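To start, the structure itself, in structure tokens.
Just so it is clear, the model here is predicted, and its values are computed rather than measured.
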Amino acid sequence: MGTASSMVSPGEVIEDTYGGGGGEACEIPVEVKPKARLLRSSFRRGPRVIGASFKSTASVDLEYAAEYERLKKEYEIFRVSKNNEIASMQKKEVKLDEENKRLRAELQALQKTYQKILREKESAVEAKYQAMERAATFEHDRDKVKRQFKIFRETKEKEIQDLLRAKRDLEAKLQRLQAQGIQVFDPGESDSDDNDTDVTVPGTQCDYWTSGALGSEPSMGSMMQLQHSFRGPEFAHSSIDVEGPFANVNRDDWDAAVASLLQVTPLFSQAVWSNTVRCYLINTKDTEPEMDIFLREYSPKLQRMCESLGYFFQVVHFPEECENHYTAVRKWEIEKSSLVVLFICSSFTSSFWEDCKEAFLKNTEAKPRIVYYKTEDSASALDYMQQLIEQDPNKSNKTKIIDHSGDPEEGAYKTYCQVEKVIKQDLLAAEISDPESKDEIAIQEEDDFGDVLWDVHDEQEQMETFQHSSHSTCEMGFDKYYDRLNDLVAAPAPIPPLLITGGPGSGKSLLLSKWIQLQQKHSPNTLMLYHFVGKPMSTSSEPTLIIKRLTLKLMQHSWSVSSFSMDPGKFLEEFPHWLEKLSIRYQGNIIIIIDSIDQVEQPEKHMKWLIDPLPVNVRVIVSVNVETCPPAWRLWPTLHLDPLSSKDVKALLNLECSGASIVLTKEQERKLERHCRSATPCNPLYVTLLARFLIWAGNMGNITDTLQQCLQCQDTVSLYRLALRSVQEFMPSAKEKDYMREILCLISVSHNGVSECELMELCSGLTWPVISFLVYHLHRMVVLRYSCGLLRFQHLQAEEAVRMEYMQGGQNIVSEYREKLVQYFTTQLSRDPVTWRSADELTWLYQQQGEKHKLHRCLMNLFVSQNLYKRGHFAELLSYWQLVGKDKIAMATEYFDALKQYEKSCDGEESMTCLADLYETLGRFLKDLGLLNQAVTPLQRSLEIRETALDPDHPSVAQSLHQLAGVYVQSKKFGNAEQLYKQALEISENAYGSEHLRVAWELDALAVLYQKQNKYEQAEQLRKRSLRIRQKAARRKGSMYGFALLRRRALQLEELTLGKDTADNARTLNELGVLYYLQNNLETAEMFLKRSLEMRERILGPEHPDCAQSLNNLAALYNEKKQYDKAEELYERALDIRRRALSPDHPSLAYTVKHLAVLYKRKGKLDKAAPLYELTVDIRQKSFGPKHPSVATALVNLAVLYCQMKKQAEALPLYDRAMKIYEDSLGRMHPRVGETLKNLAVLRYEEGDFEKAAELYKRAMEIKEAETSVLGAKASSGHSSSGGDTYSLRNTLPVNVLTE
């Protein structure tokens, strides 16, 4: 083993064998073993000499030990110092931790203090705003009271002046009589009657002493009869008084009938249900000036009027030179016209008389007719027209005759006035208002869907589609399919949707519509919700609108008006929850039917709810084409429609042909039988079209050749193409053939179809005879049909045939025709106001053309966006903005900027009102988008404008308050929302009455607010009150969403009067008269009631009790029209009949007695009225017993009459007896007791017993205060509920009475 010197040579350096230092010396750290350090020290001392002694080695070891000790001491010193430093650092750390904890505690305390101060600040700000609002409310109330007091003071001052003037006149007259020696006796009677008698409703808070009686001449005019405030019957407190005009109809039966009206979809004529008012003009040669003036000057006015009401207006007229060429077309036009106007004088043509016979003798639907007769020496024409009118089978008396002998312009104006009246009253059932009266409150009835917006045209389209789908010549063996559908309804839940499949034109829509009718007839408790989808990309195929419509129909039948999200995505997601929630409320099964659901864009995506489990009482049926059925739905239970059997094909062909008097030969029948052996020709649509083709060819006299051409067509589309070519060849000129191609192409590229008026303007030179001729033949060929006044294709195969036949150029041809529509609707858009047609078509056309810039410019037209939004096309409007590339914030900013710019140009009340509507629409739109902060500003601006431009108590202000409150509710600002809702409720009650649907709308909104605040008891009370209002409105109107359905149902009921006179028809006429009476259409009501009376007198005899009912109802109508003499005569006749025919205590007798008594009293015939009031008391005692509240009511009314007759002594015991009955039956604190006490106080005062009067009045006031405390004072708001029309006793009592 070598020595250390052998390890390292002198002068060498130890290298690092691991590093990459490249020859650098490796310095060994001091912490490495000391031996290495000794080696280095030895190296530094020089080379070791070989062969050195042991002593030298020992000396090295001693040095090593000394060095070790020294290092050890240094290490100990270093360690101790470091430990001391560590201990010091630990002490500092502890101190820092304590300081950190202290600072954190202080910070938390400061944060709590900050939060407290912040809350106090917010409370202070809120209190400040509330104080400002209270101050504004107080100021508003003060101004209102000032205005009302000013009006009251001026009125009373005028009355005082009139009284003083009358007093001076009487004094002067008295002095003259006394000067003449005439003895004058003054009985001190008052001339007051009960016409100004205040009306109180039982159970409501009453305003006492409203006619200052105690400080004036003795008068009973201030006394209140306890009576209802509805028109016709003047007081009613029991079932004896609820007879009304429906004397022979049980209330439950009538409610059931109303429910059936809601369920059954009525099948009406095209003229009734179409969205078009068609006016057919017939004239003679000598009345051409009048008709030309009517067409030139007044037809545009009627068109604007109808468009403002949402209808098309079309005048159809065939010139004399072309009448003979369009005989069948003229008959068809008269048949579908809404109104026929005849201009006649003396010269007639054969075609004129043909049209007259068609208009009068075949008027099976009782449509109105107007005859303008230009008077001349000869009256033969008018005599002939009178004969035609008398031969009219419906006896409707709807023909108006205008006799005129003056200037043609005057005659045309008279005709225009009559046409306008007929359109408004008979066709559209709109009230005729005086254009000069601007003080009336325009009450706009809205569909009672709360805040949900809906388009009436969409609903009308569904009704017409249902009618079109259910039309068929024969049933075609559907019985086996009906059984399968019935099994689905009866099957136990849960069950997936039933899928009805078949090829195009296989009869799916017909099957569903026929089955719906059967279900509605045999299962009235089953709610049928259906939707028929039209062509792809049409409004009816929009998934959001489909779900929205189904939800609204379900809400309508379950009395629910809850609000829901308008966001399309959320709406589709929430529908299953709505379906489950609302299905629980409905007592019965719910069947949802969606026809042609595969035409919806991405049905699997938008109809996900079909895959989810359905509620127990819900069944769903959908129909699809076999080729386009989504794969995931093919696993559902399926009902496939098979092709028609040869028997069904033959039956369908025979029925179609026999209806047109076409007889096929045996050879032709054999050819058809061989042709229909395959599946494709056995398609129902193919067979129907083939039959129509054969009928058309038979009328042309060319069946054989046409049949041969038809047999070469193996599918429906090719047969349609052959039909188009045949009709085009039949057109007489090349220009008319071009018109046909252009019309069909325009309809094909449009969104929802094109109207005839629009086609007249789109196609230059097109005349009414030509377009009528075209539509007539294309309608017969199952190509076109009417829907909402628009021309559309009857089937998708017809549209496909048009595209293949006339639009082979591809997208270029489509773009060319769309550009033509764009130019037309752009011109229409510049007109004022914007119509629903322009808003629908123009935006959709821009979207299809991909013209984003023009679409954006169109959307920035505020009235276009308003039209789309207010008709419920929310999803469509959003899709347009998404195509433009704008998000919600950018969209809101652009709309608001546009409104600010538009506001600068507004001047005048009308423009400011329009501006307020635009601001409200924007606010609602932003609220539906979820932009609550941005929605507040436009809604507040709308409220400010309406309060300034209209009046703080105008119903439109209530609407603004309601919408603003809705935003506050969503923003969790419940205090602000509650105040606004209460203000809106108060305004609505003052404007519409406490039983109006708008009041129910406000009550529902307030109930939802209370529920969010956990005020469940208050919310429940409001909901119950709202439900009562809605049920009463539904019973009164026949439908929750207005009179429209029941009014049109009335037109169908009127058809029951056709044919011979029967008692049932007379009853129907009576009920129709009552219906129009309730609509305040008194003229039409009078006509029906008169017809009912005449028919009953002819059938039953003039002494029958039913005649008394008609007399009574007619008398009530004359009473409403203030024709009291006529009413008195009829009431007396009715009373005479009922006294002889009915028992003394019969309710109908009491009804007539009551109203005749009131009429006598109104006319001042008190001596005649007294026996009838006494008879009323006897009848009620016999009917209800002597202690019934109704008897007390009759006693009070009799006492009031005695007081007017100055028989106070006889009135006093009646009052005492009535008060005792009220106290025993209703309680001592009931409002009826207070009212009777008040009347007694008046009586005592007039007798001079002031102390007793004051005592009675004091007790009456205690009852009133107790009632007020129970009902609760109305919340303080900016609108007074009393209206300033009541004054307290303190203002009416003289000073001496108060001191006593």
Going by heavy atoms in the side chains, are [X] and [Y] under 4.5 Å from each other?
| X | Y | result |
| --- | --- | --- |
| Glu758 | Phe312 | yes |
| Ser772 | Phe318 | yes |
| Asp840 | Thr835 | no |
| Ser726 | Met781 | no |
| Leu302 | Phe294 | yes |
| Ser838 | Val864 | no |

How are the rings of [X] and [Y] set relative to one another: parallel (under 30°), tilted (30 to 60°) or perpendicular (over 60°)?
| X | Y | answer |
| --- | --- | --- |
| Tyr895 | Trp881 | perpendicular |
| His777 | Phe773 | perpendicular |
| Phe730 | Trp696 | perpendicular |
| Tyr786 | His779 | tilted |

Straight-line distance of [X] [atom1] to [Y] [atom2], nearest 0.5 Å:
| X | Y | atom1 | atom2 | result |
| --- | --- | --- | --- | --- |
| Ile771 | Cys763 | CD1 | SG | 7.0 Å |
| Cys745 | Glu805 | SG | CD | 10.0 Å |
| Met291 | His317 | CE | NE2 | 3.0 Å |

- Sort out for me which residue in Glu799, Glu461, Glu464 forms a salt bridge (charged side-chain N to carboxylate O under 4.0 Å, His left out) with Arg792. Glu461
Can you tell me if [X] uses its side chain to pair, donor with acceptor, with the backbone of [Y] under 3.5 Å?
| X | Y | value |
| --- | --- | --- |
| Thr827 | Gln823 | yes |
| Trp768 | Val315 | yes |
| Ser865 | Leu862 | no |
| Glu841 | Asn752 | yes |
| Asn625 | Glu627 | no |
| Thr465 | Phe532 | no |
| Ser541 | Ser538 | yes |
| Lys508 | Gly503 | yes |
| Tyr720 | Val782 | yes |

Salt bridge or not for [X] and [Y], using N-O below 4.0 Å?
| X | Y | answer |
| --- | --- | --- |
| Arg741 | Asp738 | yes |
| Asp917 | Lys870 | no |
| Glu756 | Arg278 | yes |

- Message: Take a 6.0 Å sphere around NZ of Lys737 and say whether it holds more than 12 heavy atoms from other residues, nucleotides or ligands.
- Response: yes
- When you look at CD of Glu297, are more than 12 heavy atoms from neighbouring residues, nucleotides or ligands closer to it than 6.0 Å?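 Counting neighbours around CD of Glu297, more than 12 heavy atoms of other residues, nucleotides or ligands fall under 6.0 Å, so yes.
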- Item | Candidate pair Gln797 and Thr716, rule side-chain hydrogen bond (donor to acceptor under 3.5 Å, both in side chains), full reasoning | CA-CA 7 Å; Gln797 291 91 329; Thr716 308; 5.2 Å; no
- Within 45° cone and under 6.0 Å: Arg549 NZ/CZ vs Tyr530 ring: yes
